[in-house]
Protein chains: 2
Amino acid sequence: MARPREFNEEQVIENLMKVFWDKGYEATTMSDLVNASGLLKGSLYGAFGDKHALYMAALRHYDRTRIQAGIDMLNGEGTARQKIARLFDNVIESTKRGLFAGGCLLCNASLEMAATDRDIKNEVKTTIRRLKVAIMEALQPQVENEDQAASLAAFIVSAYFGTRVLAKGGAPAAMIGDTRDHCLQLIP
Amino acid sequence: MARPREFNEEQVIENLMKVFWDKGYEATTMSDLVNASGLLKGSLYGAFGDKHALYMAALRHYDRTRIQAGIDMLNGEGTARQKIARLFDNVIESTKRGLFAGGCLLCNASLEMAATDRDIKNEVKTTIRRLKVAIMEALQPQVENEDQAASLAAFIVSAYFGTRVLAKGGAPAAMIGDTRDHCLQLIP
DNA sequence: CTAGTTTATGACCATTTGGTCAATAATTCA
DNA sequence: TGAATTATTGACCAAATGGTCATAAACTAG
């Protein structure tokens, strides 16, 4: 019925997300986003809205792709302990490679934006719950009751997020390994 | 020998720090800092340097005051378990009060700035080590050997930082309580 | 008092910021 | 073909950004 879009929306959002992931919200300029998207400013605004809307789209995309990949892994093969170990190993590995400095966009968004932006806080809150529930379900088979699984899952999410802070802060990789090992000890 | 300063340097840095603590580096403008300091722009630059230097001063001030207060507490009275519990209770309390949204400036700096700013990364790294060592020393009396204390301390720092991420992200306070409880379980 | 030194003041600046818009180009339906 | 609708383009904008600087003011040693 009208002129069709010339870009792949999913691909553009993936590229936009990487900028926010790498630099954070405030340090990212519209100019950065224009470059990363390949679109021109007017098209970006027309298609997605303003900078805040772009960030929201990036957050949702992160949830749909990266977080979901973690959840799929938690739903996959292996013992609870193996799955949780893999979660931390991702952090250790990406720290050692040291190529992409973004860390975890969810953590970044939580600390940079959630305190002052209601929309972002809601998105973050929802995604944290999703992750926690997936961990709970991975723990269920090996744990006495649901409350046990819930509190253990909360604790694992904390420790996991903590390793993201350590990794970016340049703490030795051993601290992350130690954190992982202690977490695994607590899983029956 | 010359005109004396008209302001209390310590007080000004305290005020500057609070702005960075509350808003982060990028979201803070020189105008914010001018307002918070009570000085005029020229004086601020003359006395402390540019925005980056102000942030570094703020980070060091945070270390000298807030982090040090935590370390003093860890060096004070009580069992290791009581001290670690108090660490987490601070997070829970400040979450419940909900007045000041800054969370932990060290965590904020780590996620917002450490990946792209070498100076800040070094400062963060140093402060994390300081905190870890203090936790280690609090654990020493109740733990078999030094390695045990070190790995347990690394783990507690992770969990602690994780609760800071959860708190800002609007996760339920119960998750922070659960994290604390599991951490305490691991302390002999 | 004077010379020398540091601090305070606020006007000033180039650049960058996020954002808009009118004109033009594709497309579909009738 | 032509009307209707949506996309693309890039020039344009006001406001805000981090930062500088010449001048005036306050102090001390001699």
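Chain identifiers are assigned alphabetically (A, B, ...) following the order of the sequence lines, protein sequences preceding nucleic acid strands; residue numbering begins at 1 within each chain. No hydrogens, no waters, no symmetry mates; every other heavy atom, side chains included, goes into these values.
- Judged as a ring pair (Phe, Tyr, Trp, His ring centres under 6.0 Å), the pairs with a partner in residues 164-188 of chain A (not counting sequence neighbours) are, in order, A:H182-B:F155.
- For DNA chain D, the contact window with chain B, defined by any atom under 4.0 Å from a protein heavy atom, covers D:dT17 to D:dT28 in 5' to 3' order.
- For the segment residues 14-40 of chain A, the set of residues with a heavy atom within less than 4.0 Å of an atom of DNA chain D comprises A:L40, in numerical order.
- For residues 100-119 of chain B, the side-chain hydrogen bond (donor to acceptor under 3.5 Å, both in side chains) pairs, not counting sequence neighbours, are B:H52-B:D117.
- Residues meeting the salt bridge (charged side-chain N to carboxylate O under 4.0 Å, His left out) test with B:D50, sequence neighbours left out: none.
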Fill in the blank from the handout: Quick tally for nucleotides 20-30 of chain C: nucleotides whose base has a protein heavy atom under 4.0 Å get B, sugar-phosphate-only ones S, the rest -, giving BB---BBBSS-
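- The salt bridge (charged side-chain N to carboxylate O under 4.0 Å, His left out) test applied to A:R81 returns no partner, not counting sequence neighbours.
- In this structure, the side chain to side chain contact (heavy atoms under 4.5 Å, CB included) partners of B:N35, at least two apart in sequence or on a different chain, are B:S31.
- Residues satisfying the salt bridge (charged side-chain N to carboxylate O under 4.0 Å, His left out) criterion with B:D63, sequence neighbours excluded, are B:R130.
- B:K125 places no side-chain N or O within donor-acceptor distance of the main-chain N or O of B:A114, the cut-off being under 3.5 Å.
- Taking B:E26 as the reference, nothing meets the salt bridge (charged side-chain N to carboxylate O under 4.0 Å, His left out) condition, with sequence neighbours excluded.
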Identify all side-chain donor-acceptor contacts of residues 132-147 of chain A below 3.5 Å with residues at least two apart in sequence or on another chain.
from	atom 1	to	atom 2	distance (Å)
A:N145	OD1	A:D147	N	3.0
A:N145	OD1	A:Q148	N	2.7

Enumerate donor-acceptor pairs with a distance under 3.5 Å from any side-chain N or O in residues 160-179 of chain B to protein atoms, sequence neighbours excluded.
from	atom 1	to	atom 2	distance (Å)
B:Y160	OH	B:R164	NE	3.3
B:Y160	OH	B:R164	NH2	3.0
B:T163	OG1	B:Y160	O	2.5
B:K168	NZ	A:L111	O	3.0
B:K168	NZ	B:G102	O	3.3
B:T179	OG1	A:S158	OG	2.7
B:T179	OG1	B:M175	O	2.8

